[in-house]
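Below is one structure, written out as structure tokens; comments come after it.
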Amino acid sequence: PAFGLFIFTIARDPLRIIILIAGAFFWLVSLLLSSLIWFIAVKASDPQDERLQKGLLIFGVMFSVLLQEAFRFLYYKLLRKAIEGLVALSEDGCSPISIQQMAYVAGVGFGLMSGAFSMINLLADALGPGTVGIHGDSQLYFLTSAFMTMVLIFLHTFWGILFFHGCEHRLWWEIAAVVIMHLTVSGLSFCNPLYVGSLVPSYLLMAAAAAWAYLLSGGSAQNLRRFLLCKC
Amino acid sequence: MITFMNNSDSEEEPCNERTSLMSAESPPVPSYQDGLQASEAGEAQAHRKRRAGSSRGPSNIAGGEMSGSGVPVRESILENEEEELTLKYGAKHVIMLFVPVTLCMIVVVATIKSVRFYTEKNGQLIYTPFSEDTPSVGQRLLNSVLNTIVMISVIIVMTVFLVLLYKYRCYKFIHGWLILSSLMLLFLFTYIYLGEVLKTYNVAMDYPTLFIVIWNFGAVGMICIHWKGPLQLQQAYLIMISALMALVFIKYLPEWSAWVILGAISIYDLMAVLCPKGPLRMLVETAQERNEPIFPALIYSSAMMWTVGMAKPDTAARGPSQQTWDAAEDGREHLRSPSHAESQMSETSPVPTRPVTLEELEEEERGVKLGLGDFIFYSVLVGKAAATASGDWNTTLACFVAILIGLCLTLLLLAVFKKALPALPISITFGLIFYFSTDNLVRPFMDTLASHQLYI
């Protein structure tokens, strides 16, 4: 579905593609830095201690989330500057792409990259022979991974919109909400393999974020109804 | 301008083409008025040595002005407009380059992942005489550095040789060389490639069929690249050739040497294009002085992808005023017409009735030129990442994104500086950084996360 989003909404406009790739790049850099920190922490600690390793991992995850949000903020700043440049260059004084579209594209960029990194090795392994969960792990591993990745990609998209909106209007609580949501979702994934604990709340959160972002983008229940009725 | 430069890369000689993005114009060079020469012949040779890429898109402005009417006065007035247009079209041009680079990388990665032949070590080229099978780390490092030195000096020698030939107008020689190279590339490498692919998928094919297939492929390729052909077919062939060369490199360059060579080549590219005495820069300037397009076989031109199919009535009028890059080669006419048409169709063209402006627009619509060597080295980087990284797809993906971002930045710089720029350094630097860091730092992190099914 995320790829479908890409094809239908982004692939037309070259500027959006560039923003997408740049967004993916920023996510990648944040991942790089956070894994650097984790790596150093692990090397500096005792590899035999299980609990410590687990604790370090959790710390790494949280830190990574915070870094991702920080990079989202940096990306926002960069895009603001870029918009001013584009406005100056365009002929009729208004930018060819609005900040909301940029927010959307940036969100998708982040999401795609994070989803890709989470899934692609799994997919590659899934092509080969093997049985899922042969060592007593859950047999639903692939399925849940797929769903989780999808929800994360969508969440990133919505968070992008919310985040940029918050930055635009200086609504700090909105930004804080995004960060907290992100932390929550990551934290929930610690419940795995108790899937009910992680997937269901994540989807609920996603629905909430989706509604919020939709409202922010100017939609309303009325629009939605009109859209659905027109189509059918 | 942006006619296609065919790339004739063939040759066993590895590399050597340097690729640089060039902005076609060189405003300071006033001698555009020179007659268009049959640069094609000359170009063929150059490809071997370098792949000069020029981004013409934005930079053609100056060229446009110079050509044809050749009234320098208009320059200043036009420049502002052009700048706007340039940057406006910037995004489109970037995408026009993204697509072929992505395609080339996809082909290389797909082949590396599926065909085992290209990851087996079956010996080395004579350009990398030192083996890397030594037991000690220091020795291995030393050997790879020595290999790099040998390779780079080969490249430098060939490049200088090519420039000299070009300067002294030994066009026939260059042309012949290019044809030979592309011949070899199209036939021999394709044969090997096809053989390996068929072996991998266990498909039987008899010799007569193989012969016919390869013959057709090669013949059409030769025609497309060196003569006329539909734009997309030409681009497809150039991409295939780059992919084949990259695969050869990946197979025959030993591990550490490959990375050191990549680094050294980007430094060399930087110097060759930017230093006043650099061979590539001299090549570009000479070509511009003579109003010839550079090496048809060495450069990928992205323009006119959307201009195909537009009918253009009066090409003749534009003929003389064409800028050098458009070079009045007969073969290029059909390519020019679409761009003419395009410029006419573009609404952004300032009302102008002056032919110069239209030309400029044409040039802008021309898109960007990127040397084939750039394609090859990008693909080598990504292919090596796919082949040797233990993190598999993550590393490959990271390198891919890094290279694309590097390309974006380079094009941005091109729009700002408006002269030929090396396309390799930024992208390769990013790619190398990301490769090594992803492989060593991110991979353990992601693996651990995945095994616990944690999400960040």
Side-chain angles (χ1 to χ4, degrees), chain A residues 13-18 21-22 24-25 28-29 31-36 38-40 42 53-54 57-58 60-62 64-65 68 85-86 88-91 96 113-114 116-118 120-125 137-138 141 144-145 148-149 151-152 182 185-186 188-190 192-193 195 198 202, chain B residues 81 83-99 102 113 347-348 350 386 390-409 411-412 415 430 433-434 436-438 440-456:
Chain A
D13 189 4
L15 199 55
R16 295 188 200 171
I17 295 186
I18 298 182
I21 303 276
F25 180 70
L28 201 60
V29 176
L31 180 68
L32 203 73
L33 288 177
S34 52
S35 55
L36 177 70
W38 178 81
F39 192 73
I40 294 178
V42 164
Q53 293 300 317
K54 195 99 200 286
L57 199 60
I58 296 182
V61 169
M62 294 297 156
S64 169
V65 168
Q68 280 178 40
L86 281 174
L89 285 176
S90 78
E91 293 181 332
M113 204 58 190
S114 109
F117 262 65
S118 311
I120 203 138
N121 275 333
L122 267 174
L123 285 175
D125 283 336
D137 297 318
S138 160
Y141 188 74
T144 46
S145 298
M148 194 69 191
T149 311
V151 81
L152 204 58
H182 197 168
V185 170
S186 288
L188 282 175
S189 68
F190 290 139
N192 284 336
Y195 293 124
S198 67
S202 307
Chain B
E81 289 169 348
E83 267 184 42
E84 279 184 19
L85 291 168
T86 301
L87 288 169
K88 226 170 137 116
Y89 289 113
K92 231 185 292 187
H93 294 153
V94 172
I95 301 302
M96 290 201 297
L97 277 189
F98 267 11
V99 175
T102 313
K113 287 285 180 194
E347 309 92 337
T348 54
S390 32
D392 270 355
W393 294 94
N394 279 348
T395 321
T396 313
L397 206 56
C399 288
F400 170 69
V401 171
I403 288 185
L404 284 186
I405 294 289
L407 196 61
C408 260
L409 285 176
L411 285 172
L412 198 69
F430 274 178
I433 293 178
F434 270 80
F436 285 114
S437 48
T438 313
N440 298 324
L441 295 175
V442 176
R443 194 181 39 86
F445 188 45
M446 292 306 288
D447 283 344
T448 327
L449 284 183
S451 62
H452 293 274
Q453 219 175 10
L454 297 177
Y455 284 89
I456 54 164

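Lettering follows sequence order; numbering is per chain, from 1.
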message = Please identify which of these residues, L28(A), L32(A), L31(A), meets the side chain to side chain contact (heavy atoms under 4.5 Å, CB included) condition with T438(B).
response =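 That would be L32(A); it is the only one of L28(A), L32(A), L31(A) passing the side chain to side chain contact (heavy atoms under 4.5 Å, CB included) with T438(B).
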query = Side chain, backbone, both or neither: which part of F39(A) has a heavy atom under 4.5 Å from chain B?
reply =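 When you check distances to chain B, only side chain atoms of F39(A) fall under 4.5 Å.
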key: Interatomic distance, N440(B) atom CG to L36(A) atom CG [nearest 0.5 angstrom]   =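 Here the interatomic distance stands at 11.0 Å.
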ask   = Nearest 0.5 Å, what's the CD1-CD1 distance between I403(B) and I21(A)?
value =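 CD1 of I21(A) is found 12.0 Å from CD1 of I403(B).
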